2 protein chains.
Amino acid sequence: MKILEHLKSVKTHPTAEMVYNVVKKDIPSITLATVYRNLNCLSEDGKIVKLEINGEFRFDADMGKHQHCVCKKCGKILDVFQKEISEYALKKIKSTDFVPSGVQVIFYGNCKHENKRAKNNKRPEIVKDNSGVKKR
Amino acid sequence: MKILEHLKSVKTHPTAEMVYNVVKKDIPSITLATVYRNLNCLSEDGKIVKLEINGEFRFDADMGKHQHCVCKKCGKILDVFQKEISEYALKKIKSTDFVPSGVQVIFYGNCKHENKRAKNNKRPEIVKDNSGVKKR
DNA sequence: CTCTTATTGATAATTATTATTAATAGATAT
DNA sequence: ATATCTATTAATAATAATTATCAATAAGAG
Ligand SMILES: [Mn+2]
Ligand SMILES: [Mn+2]
Ligand SMILES: [Zn+2]
Ligand SMILES: [Zn+2]
């Protein structure tokens, strides 16, 4: 309950560990494995969405049909609420040997950073700057 | 070269390990780490696509704009070549604080298994059958 | 052929996630 | 209320995938 409650209160698409770090303030005895277990159950039950971004799972309690943007620089995940995009994809897809039940739309690009000094960049830049690296 | 060559010859979206198991037949000295290294370089250079599905990375040498279907039962990944779907998404998205450079469309659902007797089912079913598991 | 640098193989380390299990909490029956 | 049964948890340990390290090797330049 606390886990779902917390997930509903944020729009950051946290990892299991991020959820854990917040929820343990309320339930100090809770363990990371319990958070994982509950997040997985919730997503199997269709109460939350489990996303896979940059090598880790992210969780989202917003079950409305929406899309996501992932910043290639800072890794931030933003919501896009334009259900026509998902609907178009599902309406248009014609596959003889596959029956789709849902679609996931992820945009990759760059978010508008306060380019002066990134203020809420918790993790180091994911940008892969190859300048100066010469290939042969 | 052998890695890229192999990737271009298949449409299975293999994992690094799958690529490794094939390429090592040609280059017995090759190591899994080298395969990972090269796959990552290739994807950074835009020569291949790196997908993230069911907790692991999948690689695809088909750089044409296309979409994917993931079977929730067997994990198989199928291609869909309908560029209008990705184009629609990119054209329609309006985000004030994000500049998209690409979009990834993944359909989830079920592929048409030869349900009489699955003939090329290499890996065990991923299906999560909760029948008989009562929640309280 | 020698020198310099990039890439590899071998392996260790890391990270995220899942599995195990005895203990606990919660519900149910007495 | 107390005993009993059962689902969930905490506390690990284990696993799986991926990345890092680094000495040895291969490739290119001169
Ligand atoms: Mn979201
Ligand atoms: Mn493909
Ligand atoms: Zn950003
Ligand atoms: Zn299937």
Side-chain angles (χ1 to χ4, degrees), chain A residues 1-7 13-45 47-59 70 75 77 122-136, chain B residues 1-7 13-21 23-45 47-59 75 77 122-136:
Chain A
M1 290 243 350
K2 285 282 179 190
I3 289 169
L4 183 56
E5 202 171 274
H6 168 63
L7 254 195
H13 310 86
T15 62
E17 189 158 32
M18 289 166 180
V19 171
Y20 166 68
N21 284 324
V22 171
V23 170
K24 79 173 167 195
K25 289 173 188 168
D26 258 299
I27 311 172
S29 71
I30 204 169
T31 228
L32 182 55
T34 299
V35 173
Y36 268 106
R37 228 178 307 132
N38 281 274
L39 287 170
N40 284 333
C41 289
L42 286 166
S43 96
E44 274 166 37
D45 294 354
K47 303 278 186 265
I48 65 174
V49 172
K50 188 177 184 178
L51 299 167
E52 218 170 331
I53 289 168
N54 290 328
E56 54 194 0
F57 290 112
R58 300 299 195 119
F59 299 90
V70 178
I77 300 168
K122 327 199 162 192
R123 47 176 57 202
E125 300 253 317
I126 302 178
V127 68
K128 277 132 185 182
D129 184 346
N130 290 334
S131 58
V133 178
K134 46 193 153 217
K135 307 255 158 57
R136 54 165 158 156
Chain B
M1 290 242 348
K2 285 281 179 191
I3 289 169
L4 183 56
E5 203 171 273
H6 169 62
L7 254 195
H13 311 84
T15 62
E17 189 158 32
M18 290 165 179
V19 171
Y20 167 69
N21 284 323
V23 170
K24 78 173 166 195
K25 288 173 188 167
D26 259 298
I27 311 170
S29 70
I30 206 169
T31 228
L32 182 56
T34 300
V35 174
Y36 268 106
R37 238 180 331 213
N38 281 274
L39 287 170
N40 284 332
C41 288
L42 286 166
S43 96
E44 276 166 35
D45 294 354
K47 303 278 187 264
I48 65 173
V49 173
K50 187 177 185 178
L51 298 168
E52 218 170 331
I53 289 167
N54 289 329
E56 54 196 357
F57 291 112
R58 299 300 194 118
F59 299 90
I77 300 168
K122 326 197 163 197
R123 49 174 56 200
E125 301 253 315
I126 303 177
V127 68
K128 277 138 185 178
D129 183 346
N130 289 333
S131 60
V133 179
K134 47 194 154 213
K135 307 257 160 52
R136 55 164 158 156

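Order of the sequence lines sets the chain letters (A, B, ...), proteins ahead of strands, with each chain counted from 1. Just so it is clear, the structure is predicted and the values come from calculations on it, not from any experiment.
Looking at residues 23-30 of chain A, you'll see A:Ser29, A:Ile30 sit with a heavy atom under 4.0 Å from some atom of DNA chain D.
If you measure from atom CE of A:Met18 to atom C1' of C:dT17, you get 15 Å, rounded to the nearest angstrom. Computed from coordinates, the B:Asn38 CG to C:dT7 P distance equals 9 Å when rounded to whole Å. Between B:Glu52 atom CD and C:dA16 atom C1' the separation is 12 Å, expressed in whole Å. Between the CZ atom of B:Phe59 and the C1' atom of D:dA17 there is a distance of 11 Å, given to the nearest Å. The OH-C1' distance, from A:Tyr20 to D:dA11, rounds to 11 Å in whole Å. Atom pair B:Glu56:CD and C:dT15:C1' shows a separation of 16 Å (rounding to whole Å applied). Between the P atom of D:dT18 and the CG atom of B:Asn54 lies a distance of 12 Å, rounded to the nearest Å. Distance, B:Leu42 CG to C:dT7 P: 12 Å, rounded to whole Å.
The heavy-atom pair separating B:Pro14 from B:Leu7 by the smallest distance is CG-CD2, 3.6 Å. Closest non-hydrogen pair, B:Ile48 versus B:Phe59, comes out as CD1-CD2, 3.7 Å.
In this structure B:His13 satisfies the side-chain hydrogen bond (donor to acceptor under 3.5 Å, both in side chains) test together with B:Asp60, B:His68, B:Asp79, sequence neighbours excluded. For A:Lys2, the salt bridge (Lys or Arg N to Asp or Glu O under 4.0 Å) partners two or more places apart in sequence, or in a different chain, are A:Glu5, A:Asp26.
A:Thr15 places a side-chain heavy atom less than 4.5 Å from the side chain of A:Met18.
Axis orientation changes by 30° from one end of the helix from C:dC1-D:dG30 to C:dT30-D:dA1 to the other, with each end axis drawn from 5 pairs and the value rounded to 10°.
Between atom CG of residue A:Leu42 and atom CD1 of residue A:Ile3 there is a gap of 7.0 Å, rounded to the nearest 0.5 Å. One distance of note links NE2 of A:His6 with NZ of A:Lys25; it measures 9.0 Å at 0.5 Å rounding.
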Protein-nucleic acid N or O pairs under 3.5 Å, nucleotides 19-24 of chain D:
unit_1 : atom_1 : unit_2  : atom_2 : d
D:dT19 : OP2    : B:Asn40 : ND2    : 2.9

Under 3.5 Å, side-chain donor or acceptor atoms of residues 33-41 of chain A against the rest of the protein: list the pairs with distances, not counting sequence neighbours.
unit_1  : atom_1 : unit_2  : atom_2 : d
A:Thr34 : OG1    : A:Arg37 : NH2    : 3.2
A:Asn38 : ND2    : A:Thr34 : O      : 2.7
A:Asn40 : OD1    : A:Lys50 : NZ     : 2.8
A:Asn40 : ND2    : A:Tyr36 : O      : 3.4

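Of the side-chain N and O atoms in A:Thr34, one or more sit less than 4.0 angstrom from OP1 or OP2 of D:dA10.
Proximity of a side-chain donor or acceptor of A:Glu52 to a complementary backbone N or O of B:Asn54 within less than 3.5 Å is detected.
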